[in-house]
Student: 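So that we are looking at the same thing, I have put the structure below in structure tokens.
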Amino acid sequence: MENYENKISIKAWAEEDRPREKLSGQGRRALTDAELIAILIGSGSRTETAVELSKRILHHYDNDLNKLGKASITELSKFKGIGEAKAISIIAALEIGRRRNDSEASVVEFITASKDGYNIMRRHLMDLNHEEFWIILLGRSNKVLGKELISKGGLSATVCDPKIIFYAALQYQASGIILVHNHPSGNLKPSHEDIQLTKKMAAAGRMLEIGVLDHLIITDTAYTSLGDEGLM
């Protein structure tokens, strides 16, 4: 291994190669992901520069910013040279980027297709390491009245109580609902339990004259609609 004394610090790099100066002189798009993260953390450790440390962190997460976005403070703090403050800076920056992406999407007021439901809910369910179950509440002409978190679960399951779901629907005086939950595993295929739950909820909704219009399964990058798949 190369000795620390023989390493060249960022301050000794050519000015156009230093992350901060490179951003100032060449613009933000000229920087690599590692260089952008290096700016966030500010400094490396005694044995590596901030850029080298950033490259090591990215390599651990397969150079995938979506995977890095799921990392907790505890996980990031395990890297030598990353304390709690630096871990928080990385997490905060990635969250700002995610919210910016969400804010650029137009506000959905009416549900006309399953993709509308996905666009409403993806910001709430991306980057989670546990399952959450939500409902979208709809009025006449499928106008969006609101959305409600019903329950949180573990890595592979969550519990949803029909009484809680339809109580929320009655509170909103909703004429229809869309069931939504995420699969942290990234698997878009509905489980047998997902299908049975959907049918159970649809049957309960018919008794109350509240239509269960769809059930969306959401991952970080895509979704499945049980309605589109004919599994309602």
Side-chain angles (χ1 to χ4, degrees), residues 61-71 94-139 141-162 164-166 168-169 172 174-205 210-232:
Y61 292 102
D62 300 322
N63 294 306
D64 186 334
L65 290 176
N66 287 322
K67 290 183 179 179
L68 178 58
K70 292 185 175 184
L94 290 170
E95 178 63 14
I96 287 172
R98 186 183 68 82
R99 293 186 185 187
R100 179 190 174 190
N101 182 62
D102 291 334
S103 67
E104 289 174 347
S106 59
V107 176
V108 178
E109 295 184 353
F110 292 88
I111 298 290
T112 60
S114 59
K115 182 119 183 234
D116 296 329
Y118 168 68
N119 287 334
I120 289 174
M121 294 305 306
R122 63 177 182 169
R123 66 172 296 177
H124 299 286
L125 296 171
M126 285 179 63
D127 297 339
L128 295 180
N129 292 315
H130 62 274
E131 279 200 9
E132 291 190 357
F133 197 100
W134 291 68
I135 57 172
I136 303 172
L137 300 122
L138 305 173
S141 302
N142 291 341
K143 178 179 174 62
V144 178
L145 303 177
K147 49 190 181 293
E148 290 284 333
L149 172 63
I150 300 301
S151 64
K152 296 182 181 181
L155 294 175
S156 60
T158 186
V159 177
C160 50
D161 188 335
I164 296 175
I165 289 173
F166 288 106
Y172 276 84
S175 58
I177 61 173
I178 294 175
L179 311 175
V180 186
H181 80 281
N182 64 313
H183 279 181
S185 66
N187 181 10
L188 283 169
K189 184 177 180 181
S191 67
H192 175 73
E193 290 76 13
D194 292 333
I195 296 170
Q196 292 303 113
L197 171 66
T198 304
K199 293 179 177 179
K200 177 182 178 182
M201 294 295 180
I210 298 173
V212 177
L213 306 182
D214 204 348
H215 187 170
L216 303 178
I217 296 172
I218 292 178
T219 68
D220 285 346
T221 58
Y223 76 99
T224 290
S225 160
L226 273 70
D228 291 350
E229 297 295 324
L231 298 173
M232 297 292 294

Student: Report yes or no: does Tyr118 contribute a side-chain atom to a donor-acceptor pair with the main-chain N or O of Ile218 at less than 3.5 Å?
Tutor: no
Student: Within this structure, what is the CG-CG distance for the pair Leu179 and Leu197, rounded to the nearest 0.5 Å?
Tutor: 6.5 Å
Student: Roughly how far apart are Leu137 CG and Ser175 OG, rounded to 0.5 Å?
Tutor: 10.0 Å
Student: Which of these, Ile136, Asp116, Leu213, sits in a side chain to side chain contact (heavy atoms under 4.5 Å, CB included) with Asn142?
Tutor: Leu213
Student: Among Leu149, Asn182, Ile164, Ile165, which residue meets the side chain to side chain contact (heavy atoms under 4.5 Å, CB included) test with Phe133?
Tutor: Ile165
Student: Looking at CH2 of Trp134 and CD of Glu148, how far apart are the two atoms once the value is rounded to the nearest 0.5 Å?
Tutor: 8.0 Å
Student: Rounded at 0.5 Å granularity, tell me how far CD in Glu132 sits from CD1 in Ile150.
Tutor: 11.0 Å
Student: Report the distance from atom CG of Leu65 to atom CG of Leu94, rounding to the nearest 0.5 Å.
Tutor: 6.5 Å
Student: To check you understand the geometry: which heavy-atom pair defines the closest contact between Ala71 and Tyr61, and what is its length?
Tutor: CB-OH, 3.4 Å
Student: Identify the heavy atoms of Gly117 and Ile111 that sit nearest to each other, and give their distance.
Tutor: N-CD1, 3.7 Å
Student: Please give me the minimum heavy-atom distance between Ile217 and Leu188, naming the atom from each residue.
Tutor: O-CD2, 3.8 Å
Student: State whether a side-chain donor-acceptor pair under 3.5 Å links Ser114 with Asp214.
Tutor: no
Student: Check the surroundings of atom NZ in Lys147: do more than 12 heavy atoms from other residues, nucleotides or ligands lie under 6.0 Å from it?
Tutor: no
Student: What distance do His183 atom NE2 and Glu131 atom CD have between them, rounded to the nearest 0.5 Å?
Tutor: 5.0 Å
Student: Counting distance only, does the side-chain N/O of Ser225 pair as donor-acceptor with the main-chain N or O of Leu216 below 3.5 Å?
Tutor: no
Student: Show the nearest heavy-atom pair for residues Phe166 and Met201, with the distance to one decimal.
Tutor: CZ-O, 3.4 Å
Student: Measure across Asp220 and Leu125 and return the closest heavy-atom pair with its distance rounded to 0.1 Å.
Tutor: OD1-O, 4.2 Å
Student: Could you check whether any side-chain N or O of Ser141 sits under 3.5 Å from a backbone N or O of Lys143, counting only pairs where one atom can act as donor and the other as acceptor?
Tutor: no
Student: When you compare the side chain of Leu138 with that of Leu145, does any pair of heavy atoms fall below 4.5 Å?
Tutor: no
Student: Testing the basics here: between His215 and His181, what is the closest heavy-atom pair and its distance to 0.1 Å?
Tutor: NE2-ND1, 2.9 Å
Student: I'd like to know if the side chain of Asp62 and the backbone of Asp64 have a donor-acceptor N/O pair within less than 3.5 Å.
Tutor: no
